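None of the values given here were measured: they were computed from a predicted structure.
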Amino acid sequence: MSSNPVAATVASLMPRAKEELTELVAFKSVADFGQFPREESEGAARWIAGALTAEGFEDVALLDTPDGTQSVYGHLPGPEGAKTVLLYAHYDVQPPLDESGWTTPPFELTERDGRWYGRGTADCKGGFIMHLLALRALKANGGVPVHVKVIVEGSEEQGTGGLERYAEEHPDLLTADTVVIGDAGNFRAGLPTVTSTLRGMTLVRVRIDTLEGNLHSGQFGGAAPDALAALVRVLDSLRAEDGTTTVDGLAGDSAWDGLQYDDGQFREDARVLDGVELIGAGTVADRIWARPAVTVLGIDCPPVVGATPSVQASARALISLRVPPGVDAAEATALLRAHLESHTPWGARVSTEQIGQGQAFRADTTGPAYRAMADAMAVAYPGQEMSRAGQGGSIPLCNTLASLYPKAETLLIGLSEPEARIHAVNESVSPDELERLSVAEALFLRNLASGAH
């Protein structure tokens, strides 16, 4: 790849990229301001705005979105008459979870065994650095041949929809011929992949109340209705015996027709313990890309340490439902809430509240942008053809952009291959993946401008 001038330039820029990603990872930019200070997120937004300004972007702005967070926008003019490409990433990150589980501090980028560790390295601060590398490489080799818009979201992980609503209120801002979402990843490191589908999602909080207050389990247990036991019954009703998601009225038999996921490889990627079975039916690809999946994200109940012998009066849970393409997220939300209410036992009082929601996404893979990316990836990854995969996660902005700009092609690439362990402890990014995908994006922009593909 070094014989390619763009690749050689990206390689020379990697030490600078590491320094910049180190600075960006240091911001504790979790957009849950009940857990992390708002100034951490705002500091990250200012850092990104400064980076765009330094690269010659115009109209750089911190956008105050309706959910109380900030997204960062900038526009880099290209040649007259050139196409416009929108590059997306997000700077907000998931909480570090149990910091004691991290080998090195989560907000300090640390190199270990050829990878860079830290929260956001892959998801998705590294995606912003990828965009910068691609543009810098083009500048050093004849210039950027397209108009470029960059939007970096500040609350993607929260699912609160601030940027989606802002885009709907300012429909001219993000207009583009092509959209590159830098928040996906290769099927595995070294295998160039474009993600063509995303599952949607809904978040629902359920609360069950049975008593006016907690009771002594010895005096009242056995007859007094236990809210926590009722909640356990409800949560259990969301899965069949084999672990398949079972929400009343929600279809769960769709099949995936693209790249397949070997069972053994999935077990290794997911780090399933020896002897523990995978759940669900159908192929792994069916289960994670084409079918609904419910997950209990959290339960409010007494911790084991310090628990008292009490019958619980109230219990809550936060439930995530991933929704496959072809299923309306609002309809799935209604079905989930109805299921929770109808499966609550003993006449217990139940209430449900929708917390967040995003529609599933399916990209058109037949247009010139996909051909341009396939050609670019073949150069960046010699000997490898671009694959098409799904992703079980959600990026709600994709559907907003598709509805606002129906003629625009959308491609999803990024750094979140399985070894990256995004959302988990010890998240990391492969610098080799960052380098090659930056080359691919640069060559893609050149191919798109020239029509040579």
Side-chain angles (χ1 to χ4, degrees), residues 1 7 10 14 21 89 94 111-127 129-130 133-134 180-199 256-274 278 280 282-291 293 322 363 365 370 373-395 411-441 443-444:
M1 197 167 62
V10 171
M14 288 301 292
L21 188 54
Q94 286 284 337
E111 184 169 4
R112 189 169 70 252
D113 300 324
R115 297 183 69 91
W116 299 345
Y117 286 80
R119 178 59 92 221
T121 49
D123 184 27
C124 178
K125 292 174 177 178
I129 300 300
M130 176 184 72
L133 281 171
V180 178
I181 304 289
D183 190 26
N186 286 341
F187 180 66
R188 64 186 55 269
L191 180 63
T193 310
V194 167
T195 298
S196 60
T197 67
L198 299 168
R199 286 192 294 195
W256 176 257
D257 63 357
L259 185 69
Q260 292 298 312
Y261 207 149
D262 176 75
D263 285 26
Q265 187 62 60
F266 179 82
R267 291 184 64 89
E268 182 178 334
D269 291 342
R271 303 187 184 184
V272 180
L273 298 178
D274 289 345
L278 300 185
T283 69
V284 169
D286 292 341
R287 284 174 263 178
I288 65 173
W289 297 335
R291 295 180 180 176
R322 299 290 179 169
T365 60
Y370 269 81
M373 183 62 79
D375 291 346
M377 284 186 161
V379 175
Y381 291 82
Q384 297 280 359
E385 292 187 6
M386 185 179 78
S387 296
R388 179 179 68 86
Q391 182 171 298
S394 308
I395 307 175
L411 300 98
L412 293 99
I413 63 172
L415 304 167
S416 299
E417 39 80 26
E419 292 181 65
R421 302 285 291 166
I422 65 170
H423 294 202
V425 298
N426 295 314
E427 177 184 346
S428 67
V429 71
S430 162
D432 291 339
E433 288 286 272
L434 174 59
E435 182 176 343
R436 288 183 182 275
L437 283 166
S438 299
V439 172
E441 182 169 281
L443 296 178
F444 160 75

Would you call [X] and [Y] a side-chain contact if the rule is heavy atoms closer than 4.5 Å?
X: Val284; Y: Gln265; answer: no
X: Leu133; Y: Glu441; answer: no
X: Arg436; Y: Pro382; answer: yes
X: Asn426; Y: Arg112; answer: yes

(request) Could you grab the distance from atom CD of Glu435 to atom CE of Met14, nearest 0.5 Å is fine? (result) 5.5 Å
(message) Nearest 0.5 Å, please: how far is CE in Met130 from CG in Leu415?
(response) 5.5 Å
(message) Using side chain to side chain contact (heavy atoms under 4.5 Å, CB included), reason through Leu443 and Met377 one step at a time and then give a plain yes or no.
(response) CA-CA 8 Å; Leu443 296 178; Met377 284 186 161; over 6 Å; no
(request) Would you please name every residue forming a side-chain contact (heavy atoms from CB on, under 4.5 Å) with Ala285, sequence neighbours left out? (result) Trp256, Gln260, Thr283, Trp289
(message) List the residues meeting side-chain contact (heavy atoms from CB on, under 4.5 Å) with Arg267, not counting sequence neighbours, and say none if there are none.
(response) Val272, Leu278
(message) Show, in sequence, the C-alpha distance, side-chain angles and deciding distance for Gln384 and Asn186, and conclude whether the side chain to side chain contact (heavy atoms under 4.5 Å, CB included) test is met.
(response) CA-CA 12 Å; Gln384 297 280 359; Asn186 286 341; over 6 Å; no
Residues two or more places apart in sequence or in another chain: which of them pass salt bridge (Lys or Arg N to Asp or Glu O under 4.0 Å) with [X]?
X: Glu419; result: Arg115
X: Glu427; result: Arg119
X: Arg188; result: Asp269
X: Arg291; result: Asp286

Minimal non-hydrogen separation, [X] against [Y], with atom names:
X: Ala122; Y: Ser428; value: CB-O, 3.5 Å
X: Ala440; Y: Ala376; value: O-CB, 3.3 Å
X: Leu434; Y: Gly126; value: CD1-O, 3.9 Å
X: Ala389; Y: Leu259; value: CB-CD2, 4.2 Å

(request) Can you sort out the partners of Trp116 under ring-ring contact (aromatic ring centres under 6.0 Å, His included), two or more places apart, ordered by chain and number? (result) none
(request) Applying ring-ring contact (aromatic ring centres under 6.0 Å, His included), name anything that partners Phe266, two or more places apart in sequence or on another chain. (result) Tyr261
Residues which pass side-chain hydrogen bond (donor to acceptor under 3.5 Å, both in side chains) with [X], listed by chain and number, not counting sequence neighbours:
X: Arg199; result: none
X: Glu268; result: none
X: Asp183; result: His90

Let me have the donor-acceptor pairs involving side chains of residues 191-198, under 3.5 Å, with sequence neighbours excluded, atom names and distances please.
unit_1: Thr193; atom_1: OG1; unit_2: Phe187; atom_2: N; d: 2.9
unit_1: Thr193; atom_1: OG1; unit_2: Leu191; atom_2: O; d: 2.8
unit_1: Ser196; atom_1: OG; unit_2: Arg388; atom_2: NH1; d: 3.1

(message) Checking side chain to side chain contact (heavy atoms under 4.5 Å, CB included) between Phe444 and each of Asp375, Val379, Leu411, which is the one that passes?
(response) Leu411
